[in-house]
Amino acid sequence: MAKSKSVRSSAIAEFLKASLHGKDLDIRHVAPIEALTRNGLTFARRFDEKKIALVNAVPQSLVICGPEYKGRLKASHILSEHPGYDFVRTVAAFFWQKPAVVISTSAAIDPAAKIGKHVSVGRNSVIGPEVSIGDDTTVGDNVVITGKTKIGKRCVIKANAVIGEAGFGFELSATGVPHHFPHLGGIEIGDDVWIGAGTCIERAHITKTIIKNNVKIDDLVQIGHNCVVSENAIVTSGTVLCGAVKVGRNAWIAPNSSVKEKCKIGADAVVGLGSVVIRDVAAKTVVAGNPARILKKK
Ligand SMILES: CC(C)(COP(=O)(O)OP(=O)(O)OC[C@H]1O[C@@H](n2cnc3c(N)ncnc32)[C@H](O)[C@@H]1OP(=O)(O)O)[C@@H](O)C(=O)NCCC(=O)NCCS
């Protein structure tokens, strides 16, 4: 939700603890660089000569940009080592209002569930008796959270996510009949975790499926039972983590990747678009393809 107020460029610079280069203006809206207009705020993550021309056509604007742009811009600007991050912080602080906290009357929340302060729960969402949800977490519409599931603070869970159902684990009888492994375990989700729309996270056989602090999981991701996804890891759309996969800190898994059961993706590793990972990936290693092979070390 957008806030409808204007802010001075100097106030934005002060907020970012940075210097303002150029005029102190009223900044009234946010715009992509290609659609920048008077009194707008934009950012330039990577240096690009074409962006200089776009910005210089609108001198009454503010740009948060990398130090390579120094001395090249007619518009007001704030130089930053992390322009994208500083832009996001600025938008969140001055141009965005968190939606109101609401628990929908159509949500079915078991009376035994532990719901923290300022938690929103959307329409038709179902929350089971052994679930606990930390303060300031937002649960969207049609979400199912069941089983022994603990969710931390400030998480965002988008519509249609399903968290805590039993996993797809079957043992075959002597005649090959699959018998479901009763899933007695649970799920532990840390703070500031993002869970995308339609994403499913299965509870563990006996222990826990673990998603640590600051993990961001995109829409339509499948996370199998007993997986452990470590801090800051990013798991993008269409990815399937089979059972007991371990994803290291800061790892990046690109869209539509499949990771074989029990594989370990090392810290800071990157799994490229559409990869099929069948072996462990070492830390700080970029892999891609089917089967995934090493492209380079970071
Ligand atoms: C894996 C990745 C990081 C490699 O990027 P890069 O280092 O710039 O690599 P290049 O594009 O220079 O390609 C290097 C080689 O790897 C191959 N390659 C790159 N990505 C590949 C992929 N996903 N699958 C198979 N091969 C791939 C290229 O064909 C090229 O091979 P060649 O040398 O035989 O021509 C990138 O391709 C990728 O998948 N990025 C993820 C993007 C993403 O997550 N987007 C979603 C955002 S929400």
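Note that ligands are numbered from 1 as they come in the structure, with each ligand's atoms numbered from 1 the same way. Numbers for residues simply follow the sequence, beginning at 1.
Of the residues Ile223, Asp219, Ile201, Val215, the one that meets the side-chain contact (heavy atoms from CB on, under 4.5 Å) test with Ile195 is Ile201. Of the candidates Val259, Val245, Ile187, Cys227 forms a side-chain contact (heavy atoms from CB on, under 4.5 Å) with just one, namely Val245.
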Which atom pairs, nitrogen or oxygen on both sides, join ligand 1 and the protein at under 3.5 angstrom?
{"residue": "ligand 1", "atom": "7 (O)", "partner": "Lys296", "partner atom": "NZ", "Å": "2.7"}
{"residue": "ligand 1", "atom": "23 (N)", "partner": "Leu273", "partner atom": "N", "Å": "3.3"}
{"residue": "ligand 1", "atom": "23 (N)", "partner": "Leu273", "partner atom": "O", "Å": "2.9"}
{"residue": "ligand 1", "atom": "39 (O)", "partner": "Leu273", "partner atom": "N", "Å": "2.9"}
{"residue": "ligand 1", "atom": "44 (O)", "partner": "Trp252", "partner atom": "NE1", "Å": "2.8"}

Can you give each donor-acceptor pair under 3.5 Å made by side-chain atoms of residues 10-18, sequence neighbours left out, with the distance rounded to 0.1 Å?
{"residue": "Ser10", "atom": "OG", "partner": "Asp24", "partner atom": "OD1", "Å": "3.1"}
{"residue": "Ser10", "atom": "OG", "partner": "Asp24", "partner atom": "OD2", "Å": "2.8"}

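Below 30°, between 30° and 60°, or above 60°: for Phe87 and Phe43 the angle between ring planes is below 30°, a parallel geometry.
The CG atom of Leu20 lies 10.0 Å from the CZ atom of Arg8; values are rounded to the nearest 0.5 Å.
With Thr149 contributing its side chain and Glu130 its backbone, the two residues share no donor-acceptor pair below 3.5 Å.
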